[in-house]
Amino acid sequence: MKRFVVLVALSLIICWAVPACSRPNPKEPANAYLDAWKQGRYQDMYELLSLESQSSINQQDFVNRYTNIFSAIKLDKLEITTEEIIIEDDKAYLPFKAEFRTNTVGTFEYEYTLPLVLEDKQWKIAWSPSLIFPIMHEGDKVRITQHSAKRGVITDREGNPLATDGPAYTVGAKPSAIPDIDGFVKALAPLIEMDESAIRDILDQKWVKDNPDLFVPIKNLPFNISEDYKNKLLNVKGVMLSSKSHTTRQYPMEQAFAHVTGYVQQINQDELKEKSPEGYEAEDLIGRQGIEAALEEKLRGRRGYTLYIEDEEGKQKNIIAKVEPQDGNDVMLTIDPDLQKTAYKALKGHKGSVVALNPATGEVLALVSQPSFDPNIFPVGVSPSSWKAISQDPNHPLINRCIQSLYPPGSVFKPFTAAMALELGVITPQTVVPEAQKEEWVPSPNWTAPPIRRVPHPPGEVNLRNAIVWSDNIFFAWTGLKIGHKDFEAFADRYGLGKSLSFILPVKSSQVKNDATQWSDALLANTSYGQGEMLVTPLQMAAMYTAFYNGGDMMLPQLIKEIRTASGQTVESLQPKPWLEDVIPQQQVETLLPMLVDTVEDPTGTAHKVKIPGLTIAGKTGTAQVGDKTEEIAWFIGFTLNTERPLLVCVALEVPAGEGDIKLDIARRMFAEYYR
């Protein structure tokens, strides 16, 4: 009996001393509530609320409220740090700190106290709006407003805008002014290339029916639509045109700078999923091509946001967090506007490209590809007919031929073969190749490839000078075979063939030959005068020629002159630098440069048509056969020896065989306009 009494007494003492044996631990539901909040499981949070709290807000309203607030601020991550829980009879309090990392207002934090009550032997959350944000009270709402930011302006070197934000035309109507809805829809739909049902859906919206005197936007159009097209639209009874309701990207120079600026387009769903954390939203424009794409991160503006509490009267009460809008950086290009326009006009009607550089600094003064396109059609949403015309054009106007077209360089590569041979001692300037007197040459009795054919030229011995001035294929095929394929390939690598050219826009990689092809005498002979399997872009070929101006250094082509913040602070400016140094020894440059001058100056030179009195121009022509030999690539690369304002021009045209002389007219026009 004594033992029984002792056991009962001991049990009573333990239960009195340790109340936890009769009630649960409040830390568990508190942690469960906070974990559910961190993971966005708002329904699970609601199930942990007290009966009194649940009576103040139903489950759907609770879930919607949390969902709407934290999706609106684009909550990326919620970090919660808890302290020691405080228990007072049937109540408990858990102090904690919440850090909100958002993709709108950045990161902010608040200190909270999570109250719990003991209800039917279970701890429950005593919820109130202050558990959303501590400064909230009953009746308050959370609001977030957006502050727009401008995309940076792209200008030429003189500050003229090439890409800027500006108004678009919006086709719309006041429903009260439409005399006949059916007639309106039928007449307008084909003009703006929209389905009739889509137009009806816009006009059938509730807010439209409730406000028939308001302007209803239907479709945005480029700012540069023609007067004829405007008149056709306005002839539809009820149509109105507004230039105040929508801002878009404008390209004032239209086709002339299209491949340089590129264009922007509305972000697509796949991109939005990937870039939403970076602040992109569904209606945003994103760079698709050219500088717009290459410098997207620098050009794009960052929206600002204000997250605040609104009281029951709809007035702003407290600001929770705020991020100021940030306009994009402005980009000044190296492009000379007059030279760019000259090149664009000179190329009109042709298929090809013109690259103009300052050979001393590498600055790109003109970068023109034809055929071109109007970039203004993309920001507002390219119409089906426009996209069909561009995408199905066999001349591929979207391709920037300056950097994306790989061509055999033909005879414009011959000076580099000469530089190799001179450096190796395979030839001297006095070397004469008697075989070059023949119309065609077969290098050996076991030669199985077609014979090497020479370019017609005047009578006379074919030494190095005449071989360059007259562009003799046989001389350079003979020279290439003397060099040998191992040395030839090593020198080609030194000259940048097969190396990637670092440029702000993507440049296709050049090659000496296909990787799978084995060297043969026939391939080496043809490659030595720029045929075979050698391929290079016009921009790289232009960069290679800067070596003859700079005593052996090839300058890196650069298109960006300066980048500034919206407030005018310079964050980046052009620093001329070599792409490849000492690729051609000074001695060889001094030997070859007068020969390139003679190619223009000598009446028998292949580039004599480019000669301009008062200017000293060094240059080289090239004609490269492609495909079935019915077409060819017509090249000219030349540069002035003017030390104050030097100009290098590279013309590369895709022309029918035998019609390449237009390259010289284009080049001459470029030099004449620049130095007029």
Side-chain angles (χ1 to χ4, degrees), residues 154 257-263 287-298 331 333-335 340 343 347 351-359 361-370 372-373 396-410 412-413 416 492-515 530 533-547 550 553-561 572 574-581 583 622 624 626 633 635 637 639 648-654:
I154 302 173
F257 288 76
H259 291 99
V260 176
T261 61
Y263 59 89
R288 282 276 181 264
Q289 201 182 80
I291 292 296
E292 292 278 35
L295 293 181
E296 168 66 18
E297 283 305 301
K298 289 183 168 63
V331 176
L333 304 181
T334 57
I335 297 291
Q340 180 82 3
L347 269 180
K351 189 163 57 172
S353 64
V354 170
V355 176
L357 305 178
N358 178 329
T361 64
E363 291 171 273
V364 178
L365 303 177
L367 197 75
V368 177
S369 178
Q370 284 278 27
S372 189
F373 63 95
H396 306 294
L398 288 176
I399 289 178
N400 185 345
R401 287 171 160 81
C402 303
I403 57 175
Q404 293 171 332
S405 290
L406 287 168
Y407 301 128
V412 292
F413 189 76
F416 295 94
D493 177 74
R494 191 213 285 180
Y495 298 157
L497 273 299
K499 284 184 166 64
S500 60
L501 177 62
S502 178
F503 190 59
I504 191 66
L505 304 179
V507 182
K508 280 198 173 178
S509 296
S510 58
Q511 66 173 49
V512 181
K513 65 175 183 62
N514 297 331
D515 290 340
E533 296 175 354
M534 184 179 283
L535 295 171
V536 64
T537 61
L539 179 66
Q540 182 167 341
M541 208 67 237
M544 289 170 65
Y545 261 73
T546 64
N550 293 299
D553 290 347
M554 292 180 183
M555 295 304 294
L556 184 71
Q558 296 193 66
L559 188 55
I560 307 302
K561 189 167 183 65
E572 189 177 317
L574 182 135
Q575 300 294 328
K577 52 188 174 185
W579 170 38
L580 299 169
E581 296 183 81
V583 293
V626 291
I633 308 302
W635 290 88
I637 305 178
F639 53 91
L648 183 149
V649 174
C650 173
V651 181
L653 302 178
E654 301 170 29

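Worth saying up front: this structure is predicted, and the values here are computed from it rather than measured. Quick note: numbers below take in every heavy atom, side chains included, and nothing from hydrogens, waters or symmetry partners.
Judged purely by atom type and a 3.5 angstrom limit, E292 has no side-chain atom pairing as donor or acceptor with the backbone of R288. Counting only distance, with no hydrogens or angles, the side chain of T334 and the backbone of V364 share a donor-acceptor pair below 3.5 Å. Between the side chain of E296 and the backbone N or O of G287, at least one donor-acceptor pair lies under 3.5 Å. Side-chain N or O atoms of Y545 include none that pairs as donor or acceptor with a backbone N or O of V649 at under 3.5 Å. Side-chain N or O atoms of Q511 include one that pairs as donor or acceptor with a backbone N or O of E533 at under 3.5 Å.
The two residues C402 and L367 make their nearest non-hydrogen contact at CB-CD1, 3.7 Å. In terms of heavy atoms, S510 sits closest to G498 at OG-N, 3.0 Å. Between L357 and P557, the closest heavy-atom pair is CD2-CB, 4.5 Å. Between L347 and G352, the closest heavy-atom pair is CD1-O, 4.0 Å. Contact between M541 and P409 at its shortest, heavy atoms only, is SD-CB, 3.8 Å. When every heavy atom of W635 is checked against every heavy atom of C650, the shortest pair comes out as CZ3-SG, 3.8 Å.
Separation of atoms OG1 (T537) and CG (L406) is listed at 6.5 Å; rounding is to 0.5 Å. Rounded to the nearest 0.5 Å, atoms NZ (K499) and OG (S509) are 12.0 Å apart. With rounding to the nearest 0.5 angstrom, the CE atom of M544 is 9.0 Å from the CG atom of L580. Atom NZ in K351 sits 6.0 Å away from atom CZ in R401 (nearest 0.5 Å). The NZ atom of K561 sits 10.5 Å away from the CD atom of Q558 when rounded to the nearest 0.5 Å. Considering CG of L398 and OG of S372, their distance stands at 9.0 Å, rounded to 0.5 Å.
The ring pair (Phe, Tyr, Trp, His ring centres under 6.0 Å) check on Y495 picks up F416, with sequence neighbours excluded. For the ring pair (Phe, Tyr, Trp, His ring centres under 6.0 Å) test, no residue two or more places apart in sequence or in another chain qualifies with F639.
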- Task: May I have the step-by-step check of side chain to side chain contact (heavy atoms under 4.5 Å, CB included) for Q540 and W579, ending in yes or no?
- Result: CA-CA 10 Å; Q540 182 167 341; W579 170 38; 3.6 Å; yes
- Message: Please evaluate residues V260 and Q340 with respect to the criterion side chain to side chain contact (heavy atoms under 4.5 Å, CB included), reporting the C-alpha separation (whole Å), side-chain torsions for both, the decisive distance (0.1 Å), and the verdict.
- Response: CA-CA 10 Å; V260 176; Q340 180 82 3; 3.9 Å; yes
- Message: Walk me through whether L535 and Y407 qualify under side chain to side chain contact (heavy atoms under 4.5 Å, CB included).
- Response: CA-CA 5 Å; L535 295 171; Y407 301 128; 5.6 Å; no
- Pair V331-I560, side chain to side chain contact (heavy atoms under 4.5 Å, CB included): steps then yes or no: CA-CA 7 Å; V331 176; I560 307 302; 3.9 Å; yes
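Side chains of T361 and E363: a donor on one and an acceptor on the other come within 3.5 Å.
In this structure, the side chains of I399 and S369 stay at 4.5 Å or more apart for every pair of heavy atoms.
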